[in-house]
Amino acid sequence: MDITKLEKLKKQCSRDEPIFCTNQCPLGVDIKKLAFRIASGDFKGAYKTYSSQVLFPEIISRLCDNPCQTVCIRTKIDEAISVRMLEKACCDYTAAKETPGYYIPRKKKSIAVIGGGLGGLSCAVKLTRKGYNVNLFEEKNGLGGYLRESNSPVPLQIIEIELGNVIQEEGIKLYLDTKIRSLAELEYDALYIATGWGGNDFNLGEGFDPVSLVTKMNGVFVSGSTMKRSERSVLIPVREGIRAAQSIETFLKIGTMGGAAGCHEVIPSRLSVDISEVVKDEGIVPGNFESYTQQEAIMEAKRCLQCGCDICMTSCEMLSFFEKNPKKLIDDVEASMNIIKAFTTNVASREINSCNACGLCKEACPENLDFEELFISSRRELHKGGKLPPAFHDFWMQDMAFSNSEEAFMMVNANGGDKSSYLFFPGCQLGGSDPDYVTNAYTYLKKHLEDEPSMMIGCCGAPAEWAGREEEHAVVIDGIRNIWENQGRPEVILACPSCRKMFAKHLPEIQVQSLWNVIAEKGNVDYRRIAASKKLTVFDPCASRYDLETQNSIRIILKNSGYELEELPYSSERAQCCGYGGQIQAVNRPLFDKIVNIRVEAASNDYVTYCTNCRDTFAAAGKSAVHILDLLFNDDIEVSAARKPPTLTQRRENRIKLKKVLQIETEGIKIALEDEPMKSVKVFIAPEVYAKMDRNFILAEDVQRTIKYCESTEEKILDMSTGCFIGHLQDGIITFWVVYKPEGDGFRLETVYSHRLIIEEVVR
């Protein structure tokens, strides 16, 4: 994974984009936090936030011209939040108004400010709080500038009290009735000129920079209002004063003139907020038409939507499980990639391997952030660097190898030849769930296609892709391609959504269509529905997200069979993973269980799906679910819906059975049914032990081999208290442990477990 690509992905995420209202406010007031605190009744906390940003809360809360309301997202629903009235409420209902209490050592530098309006005062306050000595000169007998005029929106008493308190508390040296005619009258290390609209610029207009507020004189800055700036918002002078203080401090520290103290340029925010389910809620009108009571302010503050982009977090259980936003997860991936280069321990392996690879994040994200590709490519890099724990995906890699082995893989030629116009590829999971699924579907195709199809039973390589194993994946893909070439490049008919996704990505040269499109078009199915009037909910597999043709075909088939359908909130292009995808069970079982539970509770109806992994996952969780082939070819749908999913052991046995059935039907071969010597050990396993084996990815074959090894080598320990033998067998990276006792002509398995440790026996 290229680190520069990771940085690009972080920039692509709009989660940390500015909130619309704060972005529009010249003073950058954190309106989201202000509203949140008022909504919770914390007026003092709201005041603390507000006053620290506006410096003169009593004045600004009466003076503000509400630029934020023009961009409030509630205007798309009803009406904007009355922010200025909330600001005034936090002032009205905070009794003890405290200024920041901290001590800053005084600095030797001295700053002069000309002008006692809000702009000059803002600069003076900010600099004194940084420890600078500030002398403020005002030609009139009071502070506040134009606010002292008769038509001012702020009462004179409030102006004098608040500004007087500021001067006293901050320690600013104030000189009233002092008109500065020449800068030569002053001694300063830096100077800010804030003489108001069209005030004295001391002949510094030439060379003035409206962005940084710097002049041609070193250390001298001038307000944009003095230079008749184009912006006229009442809040601009305060913002300029605050930023001018920052520029002055930079100048005093490093001698640089410049900065971003000038024009209030609003850069549009890329923030996305989902308002699709927001209920209309008109603004609160104060009973006295002037100011809110405390309860009115709380009610109005609760109308604030607390804007933020959390679409991916609410759409993806993996993101919410780790409680990390996209940028933090990308940081973790970046750290992991750097760690690979350093040959040290990986820190984000569990996160990277907890992704279902369903692709919903990209569909849901307004910026199309693709975590599926990010995590799959990260798995590839981890595997290459030897930092991907093999145990995470070992079982499925073994399962893929089994599906493509002599025991399960099979090629059925059409009409005894080696060429056909069609090739049916049901995948490995369809027959693993129920061999009849494959034989019934193949019989249908042979009957309804104009040319008899050939059939290939095997795995498409999805487990290797999910495991980041490029070499093994390439072998499977090349094998499929070679068979397709040898078959005369037929059209491939697919039954598994994951297979179709795999073909589209890695075998684009092959023309494909789904089995369901064929059935929807050809029809002629003897629908054996017992509960035809029953309402069903279609569960679209995540792999079919963009396969709208198949989704439509499924619904045509179901409606033609007489079923009433009810859609999930997440379906079609917003389809969610059942939990199986990405092979996360061995990595993060709690997350897998959480996902499954959410899915089965999403609707009360029985589910019908066209992915056996979805069907069997839901059935294992107790959800009544059927595969669409159950509706088409089974006599009793209720029995099909209640059918327990096969165990992992049974899935392998089903694949072996499928091949044997096909060999008998197509080749007339009599198959020997005797067990292999290794499997000749008879083991009795209780259902609850089988359930434990499935959760730990242990097959009956693994148990048989382990017991056979223990019995043949006498490498076992007798537990005298229970009469049970304990033994182990190391198989690659996995060591199996069994606890068993003799029973009849075989052995009773009491329990079994495995771990990923290699036991080395040292002979002394």
Side-chain angles (χ1 to χ4, degrees), residues 13-75 80-94 97-102 118 122 125-126 129-130 162 166 233-243 245-246 260-261 264-273 275 283-284 292 294 297-310 313 325 327-328:
C13 177
S14 61
R15 182 182 176 87
D16 293 334
E17 285 285 300
I19 306 299
F20 307 113
C21 50
T22 297
N23 192 42
Q24 194 74 20
C25 175
L27 300 184
V29 173
D30 192 341
I31 297 169
K32 179 177 175 179
K33 183 184 289 186
L34 177 83
F36 176 80
R37 288 185 169 170
I38 292 177
S40 61
D42 182 13
F43 287 88
K44 185 175 182 180
Y47 177 82
K48 184 177 180 181
T49 295
Y50 180 61
S51 63
S52 67
Q53 293 174 311
V54 303
L55 303 182
F56 317 108
E58 295 283 358
I59 293 173
I60 300 299
S61 65
R62 292 169 170 81
L63 184 66
C64 178
D65 49 3
N66 300 312
C68 57
Q69 290 188 208
T70 62
V71 294
C72 178
I73 201 167
R74 281 215 74 106
T75 58
I81 303 295
S82 296
V83 177
R84 188 182 63 77
M85 295 189 69
L86 290 180
E87 293 170 341
K88 186 174 183 298
C90 80
C91 295
D92 291 345
Y93 303 114
T94 302
K97 297 180 174 65
E98 302 173 356
T99 56
Y102 45 80
L118 294 184
S122 298
V125 169
K126 281 293 185 180
R129 289 181 179 176
K130 290 296 184 72
E162 181 158 58
V166 166
S233 170
V234 294
L235 302 180
I236 294 294
V238 179
R239 183 202 54 77
E240 282 187 346
I242 293 171
R243 293 192 178 179
Q246 297 169 347
H264 178 56
E265 180 182 3
V266 178
I267 300 175
S269 174
R270 295 186 298 119
L271 185 66
S272 295
V273 181
I275 59 173
I284 303 299
Y292 284 138
Q294 290 191 49
I298 290 172
M299 292 172 63
E300 178 67 8
K302 287 182 177 179
R303 294 181 62 242
C304 176
L305 299 180
Q306 293 294 300
C307 290
C309 185
D310 60 355
M313 301 287 286
N325 63 52
K327 289 188 176 182
K328 174 55 181 168

*Heavy-atom donor-acceptor pair, Lys88 side chain to Arg62 backbone, under 3.5 Å*: no

*So with a 6.0 Å cut-off around NZ of Lys130, is the heavy-atom count from everything else above 12?*
no

_Which heavy atom of Val29 sits nearest to which heavy atom of Gln53, and what is that distance?_
CA-OE1, 3.5 Å

_Do Cys72 and Cys21 make a side-chain contact, defined as non-hydrogen atoms from C-beta onward lying under 4.5 Å apart?_
no

*Could you tell me whether the side chain of Gln306 and the main chain of Lys32 form a donor-acceptor pair under 3.5 Å?*
yes

*In Å and rounded to the nearest 0.5 Å, what is the CG to OH distance from Leu86 to Tyr50?*
10.5 Å

*Check for a donor-acceptor pair, side chain of Asn23 on one end and backbone N or O of Val266 on the other, with a separation under 3.5 Å.*
no

_Any carboxylate oxygen within less than 4.0 angstrom of a Lys/Arg side-chain nitrogen, looking at Arg84 and Glu87?_
no

*Beyond-backbone contact of Leu55 with Lys126, side-chain heavy atoms, under 4.5 angstrom*: yes

*asked:* Has Glu162 got a side-chain atom pairing as donor or acceptor with Glu58's backbone, closer than 3.5 angstrom?
replied: yes

*Rounded to the nearest 0.5 Å, what's the gap from OG1 on Thr70 to CZ on Phe20? Could you check?*
12.0 Å

_Residue pair Ser122 / Val238: nearest heavy atoms and the distance that separates them_ = OG-CG1, 3.2 Å

_When you measure from the side chain of Gln294 to the backbone of Tyr93, do you find a donor-acceptor pair of N or O atoms at a distance under 3.5 Å?_
no

*Under 3.5 Å donor-acceptor, Arg15 side chain and Cys309 backbone*: yes

*Cys307 SG to Glu17 CD distance, which is reported to the nearest 0.5 Å*: 13.5 Å

